[in-house]
Amino acid sequence: MSANNKSFITQEEFDEGFSSRPIARSPLIPFNLSCKLNKRCVWSAVKSYIPVLEWLPEYNIKRDLSGDLIAGFTVGVMRIPQDMAYAMLAGLPPIYGLYTGLITPLIYFILGTSHHISIGGIAVISMMYETTVNEIMTKYNDNNNDSLINPHVLC
């Protein structure tokens with residue numbers, strides 16, 4: 001079919017052809033609203049918001065733990081100096097980079113749904129953060145000459 005011979009359909013034709021498909025649920029309401037308040041339904045709703053509760057009981061320690069430990073060690077070896085550098089790039093002490101490098105993956109471990117994702121700081125955000133904090137400090141310190149603000153207090 002060439003680009004000039006495209007067939008177009010009307011909204012009515014589209015609705016007829018695709019109206020039998022189920023409507024996807026909103027990601028903000030992942031559980032069934034018509035569900036009665038019983039133990040199974042409430043547990044299903046909780047698991048939809050905290051995915052670790054669903055997959056952790058089925059985790060196969062013998063098969064998966066060694067690979068996960070190697071992957072965690074490898075990522076840790078790369079992330080520790082990288083997160084410290086990003087903190088220094090943002091004009092902060094390196095410990096703040098370690099906090100972001102540790103806390104964000106822990107939160108994602110509990111609430112995340114993707115199997116393959118990188119969580120943490122990046123250089124562009126670090127530079128944007130430093131620029132923003134420096135602008136705020138400059139404006140504040142220019143208006144209040146008697147007291148200087150510490151950039152680490154803003155974190």
Side-chain angles (χ1 to χ4, degrees), residues 1 3 6-9 11 13-137 140 149-155:
M1 177 183 280
K6 290 183 180 178
S7 62
F8 296 98
I9 61 171
Q11 183 66 45
E13 293 171 334
F14 179 82
D15 290 339
E16 287 175 17
F18 298 100
S19 64
S20 62
R21 292 186 179 183
I23 298 173
R25 292 184 289 179
S26 166
L28 299 176
I29 307 172
F31 57 92
N32 189 351
L33 289 177
S34 64
C35 181
K36 303 287 187 226
L37 283 179
N38 59 33
K39 190 182 243 185
R40 185 178 60 88
C41 188
V42 170
W43 182 245
S44 175
V46 169
K47 287 193 306 186
S48 68
Y49 284 106
I50 307 174
V52 72
L53 297 175
E54 187 163 347
W55 64 261
L56 190 59
E58 299 172 9
Y59 185 77
N60 188 336
I61 292 176
K62 289 181 180 179
R63 185 187 71 205
D64 297 332
L65 186 62
S66 63
D68 287 344
L69 287 176
I70 292 170
F73 178 75
T74 305
V75 170
V77 165
M78 295 299 296
R79 290 303 308 237
I80 289 173
Q82 188 178 31
D83 289 335
M84 292 170 65
Y86 287 154
M88 293 186 322
L89 186 62
L92 299 170
I95 191 71
Y96 288 106
L98 294 176
Y99 291 152
T100 61
L102 177 67
I103 300 301
T104 52
L106 287 177
I107 292 171
Y108 194 82
F109 169 78
I110 296 168
L111 301 175
T113 56
S114 176
H115 296 282
H116 310 285
I117 192 163
S118 176
I119 303 293
I122 58 171
V124 173
I125 291 177
S126 298
M127 290 187 293
M128 290 169 50
Y129 177 80
E130 181 187 26
T131 304
T132 304
V133 169
N134 285 337
E135 286 178 12
I136 291 170
M137 286 176 34
Y140 182 81
I149 204 169
N150 185 344
H152 310 301
V153 174
L154 295 176
C155 297

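The figures here come from the full heavy-atom set of this structure, side chains too, leaving out hydrogens, waters and symmetry mates.
When the side-chain contact (heavy atoms from CB on, under 4.5 Å) test is applied to Val75, the partners found at least two apart in sequence or on another chain are Arg79. Shown here are the side-chain contact (heavy atoms from CB on, under 4.5 Å) partners of Pro94, two or more places apart in sequence or in another chain: Met84, Met88.
Applying the 6.0 Å contact sphere to CG of Leu69 captures more than 12 heavy atoms from other residues, nucleotides or ligands.
Atom CD of Gln82 sits about 11.0 Å away from atom CD1 of Ile80, to the nearest 0.5 Å. Rounding to the nearest 0.5 angstrom, the gap separating the CD atom in Glu54 from the CH2 atom in Trp43 is 9.5 Å. Note that OG of Ser44 and CG of Leu53 are 11.5 Å apart. Values are rounded to the nearest 0.5 Å. The CG atom of Leu106 lies 11.0 Å from the CG atom of Leu111; values are rounded to the nearest 0.5 Å. To the nearest 0.5 Å, atoms OG1 (Thr104) and CG (Asp83) are separated by 7.0 Å.
At least one side-chain heavy atom of Leu65 sits less than 4.5 Å from a side-chain heavy atom of Tyr59.
What you find for Pro93 and Ala87 is that their closest heavy atoms are O-CB, 3.5 Å.
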